[in-house]
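Ligands are counted one by one from 1 in listed order, and the atoms in each one are counted from 1 as well. When reading the values below, keep in mind they use all heavy atoms of this one structure, side chains included, and skip hydrogens, waters and symmetry mates.
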Amino acid sequence: MQILSVTSELFPLVKTGGLADVSGALPKALTSQGIETRTLIPGYRQVLERIGNSPAVAELTLLGVACRILQAELSGLPLYVLDATDLFDRPGGLYLDENGEDYHDNWKRFAALSLAGAMIGTGEITSWRPDLVHAHDWQAALTPVYLRHRSKQPLPTLLTIHNLAFQGQFSFDQLGDLELSPEAYGIDCLEYYGSASFLKAGIQTANLVNTVSPTYAREILSENLGMGMEGVLRVNRSKIRGIVNGIDTDIWNPANDPCLISTFDSETLDRRLPNRQYLMKLFDFDDRPGPLFSVVSRLTWQKGIDLLVEVLPRLVERGGRVIVCGEGDHHLQDRLRGLAKQYPQHVAVSIGYNEGLAHLIFGGSDFLIQPSRFEPCGLTQLYALRYGAVPIVGRTGGLSETIIDANDAATVSATGVQFHPVNADELEHAIDRAFEIYKDRHTLCEFQGRGMAADFGWESSARRYKQMFEELTGTSSSVVPLSSRGSSDRSPTLTGARAV
Ligand code: ADP
């Protein structure tokens, strides 16, 4: 089976979050399931710098913009790059300009990406034709719409929602010509409370829609976490699936990670210590005893960083240290900087995106704090587990499935600390529990060992994707309804790893 993956991020070329990790790792995992993936990504400046000399397989005009499709390879995986100088070759971020504002033409940038994806799907651009198209998030969500528009017998499509908070919503005044038929602008497709939503159009049109954990697949049907899209999702309920993300265990391997000062595995946990010592020195902490907490995250309300800010003084009072590596909302960055200034021996903040430092933090801190208010899957807690940092997480989405809470029912299986509801009091209480775990080195090592032994590779999830692809292409009739999958009603403390 051959599939085209259409995505706006791809590790290691361009990454702002988990989407890049997943679209980078899944094709590799699918290879071992006998599935060939080619990936289409935008030709951002940083992408062209890496693969700019690649041959063009087509020159065309998309939505009035001159484009080329380049063919390249990334670690053995085939790539198509949409090279469109006017749309993608610019300074600033992937979606935001240098002032942190959305690019005014994001609608056109990602409609063009989706259109290119659809045209590869229909065979209009390349001689290669996939059996199905896998579109990721709102940026690629018009791909099924264009496919349906351009083909009498459109290819089957899967849309993966990595985070429902991002919906690609534009006022109709903002939109130029999408080169779609008038019906596409109507209530059954793009129209969404008087505006246009790319994600809604994708949900309505794709043959299957999945999200990145079974729990989140259920949560998004509720008013609480449906982000206004719950009505649309409920109507489409029968085609919604949930598959938990895996991690690339070749890249994320503490036994040979070049970003670490000292590599280690679960048998040699003492070799973790030099990483911890290095971090303490790097951030000018003295060597007084006490647990070292960490945060590697976008600094946003979703990630509960305001809650962290609220409880930090108490954590400091108890003798804990915290390293925060992240970027995001300016007022949260400022508050964290303020706390670092107030408690220089206890709080350190590294604002920005730093892949190497993130690895080192996972491999050197004692606990990772992830107080997300909602979390479709979360990868950070999985990296922390694999690197022996015990996660403290809000009980939501993928966090509730991937971390086994330390409580009386899980004395020999716990891998972290969960708290619920997600608020400052409960976070503080969870941190208190972490202090208890830290008190006894043997207990801490047990948590670390269990976390490191948990299997979060892609294999079982890749099998689930394969089943979904077979369902889509008609090679399997095993349509499993959402309600028969692992239930969120089970005790969240016992759902355990990979409850899919
Ligand atoms: P999201 O995609 O919502 O941001 P995930 O947990 O799914 O959250 O994925 C986040 C990814 O981004 C992980 O690979 C994490 O290590 C990485 N990351 C987040 N912030 C930073 C940072 N400041 N520096 C380096 N890596 C980061």
Side-chain angles (χ1 to χ4, degrees), residues 7-26 93-96 136-139 160-166 211-213 215-216 220 225 227 243-254 257 259-260 279 282 294-305 308 322-329 332-333 336-337 348-365 368-387 389 391-394 396-403 416 456 458 461:
T7 179
S8 60
E9 299 187 24
L10 183 74
F11 184 84
L13 290 180
V14 270
K15 166 169 168 176
T16 69
L19 165 63
D21 289 351
V22 174
S23 43
L26 184 57
L94 304 190
Y95 316 118
L96 308 177
H136 297 267
D137 274 347
W138 75 264
Q139 292 90 341
T160 298
I161 301 173
H162 295 264
N163 191 337
L164 189 60
F166 304 103
T211 183
V212 288
S213 70
T215 303
Y216 192 61
I220 57 176
L225 291 176
M227 305 270 160
I243 301 180
V244 74
N245 285 334
I247 62 174
D248 187 327
T249 48
D250 293 334
I251 292 169
W252 293 94
N253 184 357
D257 187 333
C259 300
L260 297 180
L279 284 172
L282 186 66
S294 64
V295 175
V296 177
S297 179
R298 288 186 285 117
L299 304 177
T300 62
W301 180 88
Q302 179 207 332
K303 300 290 181 179
I305 302 303
L308 175 81
V322 187
I323 297 169
V324 180
C325 169
E327 61 185 346
D329 294 350
L332 290 172
Q333 294 183 176
L336 286 163
R337 281 199 188 102
V349 179
S350 169
I351 299 294
Y353 187 88
N354 188 333
E355 188 80 19
L357 179 61
H359 285 238
L360 196 55
I361 288 175
F362 296 132
S365 58
L368 177 97
I369 307 179
Q370 202 169 347
S372 304
R373 288 190 166 88
F374 64 94
E375 194 60 76
C377 177
L379 292 171
T380 318
Q381 84 281 6
L382 303 182
Y383 301 141
L385 282 178
R386 183 144 167 86
Y387 279 59
I392 301 168
V393 301
T396 182
L399 298 177
S400 63
E401 290 174 25
T402 53
I403 304 301
F456 286 105
W458 264 105
S461 294

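- Put simply, the side chain of Q302 never gets that close to the backbone of S372: no donor and acceptor are under 3.5 Å apart.
- Residue G326 has at least one heavy-atom neighbour below 4.0 Å for each of these atoms of ligand 1: 23 (N).
- A side-chain donor-acceptor contact under 3.5 Å links S8 and Y95.
- With hydrogens left out, the protein atom closest to atom 12 (O) of ligand 1 is K15 CE, 3.6 Å, a heavy atom.
- In the vicinity of R298, heavy-atom distances shorter than 4.0 Å reach the ligand 1 atoms 1 (P), 3 (O), 4 (O).
- Inter-residue side-chain proximity for I403 and L385 is flagged as met; some heavy-atom pair is nearer than 4.5 Å.
- Contacts of C325 with ligand 1, taken as heavy-atom pairs under 4.0 Å, involve both backbone and side chain.
- The main-chain N or O of I243 is never found under 3.5 Å from a side-chain atom of S461 such that the two would form a donor-acceptor pair.
- With Q381 contributing its side chain and C377 its backbone, the two residues share a donor-acceptor pair below 3.5 Å.
- In terms of protein heavy-atom proximity, atom 15 (C) of ligand 1 is nearest to T380 OG1, 3.9 Å.
- For the ligand labelled ligand 1, residue H162 lies outside the 4.0 Å heavy-atom shell.
- Counting only N and O atoms by type, the side chains of Q370 and S297 include no donor and acceptor under 3.5 Å apart.
- When heavy-atom distances to ligand 1 are checked against a 4.0 Å cut-off, Q381 has no atom that comes that close, whether in backbone or side chain.
- Residue-ligand proximity: G352 is placed with a non-hydrogen atom under 4.0 Å from ligand 1.
- In this structure, G378 counts as a contact residue of ligand 1, since one of its heavy atoms falls inside 4.0 Å of the ligand.
- In this structure, the side chain of S294 does not engage the main chain of I323 through any donor-acceptor pair within 3.5 Å.
- Ring geometry for Y383 against W252 counts as parallel: the plane angle stays under 30°, on a 0 to 90° scale with 60° as the upper cut.
- Nearest to atom 27 (C) of ligand 1 by heavy atom, out of Y353, Y383, F362, is Y353.
- The proximity of S350 to ligand 1, defined as any non-hydrogen pair under 4.0 Å, does not occur for either the backbone or the side chain.
- The N354 neighbourhood of ligand 1 comprises atoms 22 (C), 24 (N), 25 (C), with distances under 4.0 Å to a heavy atom of that residue.
- Without hydrogens or angle criteria, D137 side chain to Q139 main chain gives no donor-acceptor distance under 3.5 Å.
- When heavy-atom distances to ligand 1 are checked against a 4.0 Å cut-off, K303 comes that close only through its side chain, counted from C-beta outward.
- Close approach of ligand 1 to G18 is summarised as follows: ligand atoms under 4.0 Å from at least one heavy atom of the residue are 1 (P), 2 (O), 7 (O), 9 (O), 10 (C), 11 (C).
- S365 and A389 make their closest contact through O-CB, 3.6 Å (heavy atoms, listed as atom of the first residue, atom of the second, distance).
- Atoms of ligand 1 lying under 4.0 Å from at least one heavy atom of A358, given by number and element, are 25 (C), 26 (N).
- Against a heavy-atom cut-off of under 4.0 Å, S297 is close to the following atoms of ligand 1: 20 (N).
- Short contacts between ligand 1 and D21, defined as distances under 4.0 Å to a heavy atom of the residue, involve ligand atoms 13 (C), 14 (O).
- The main-chain N or O of P376 is found under 3.5 Å from a side-chain atom of S213 such that the two form a donor-acceptor pair.
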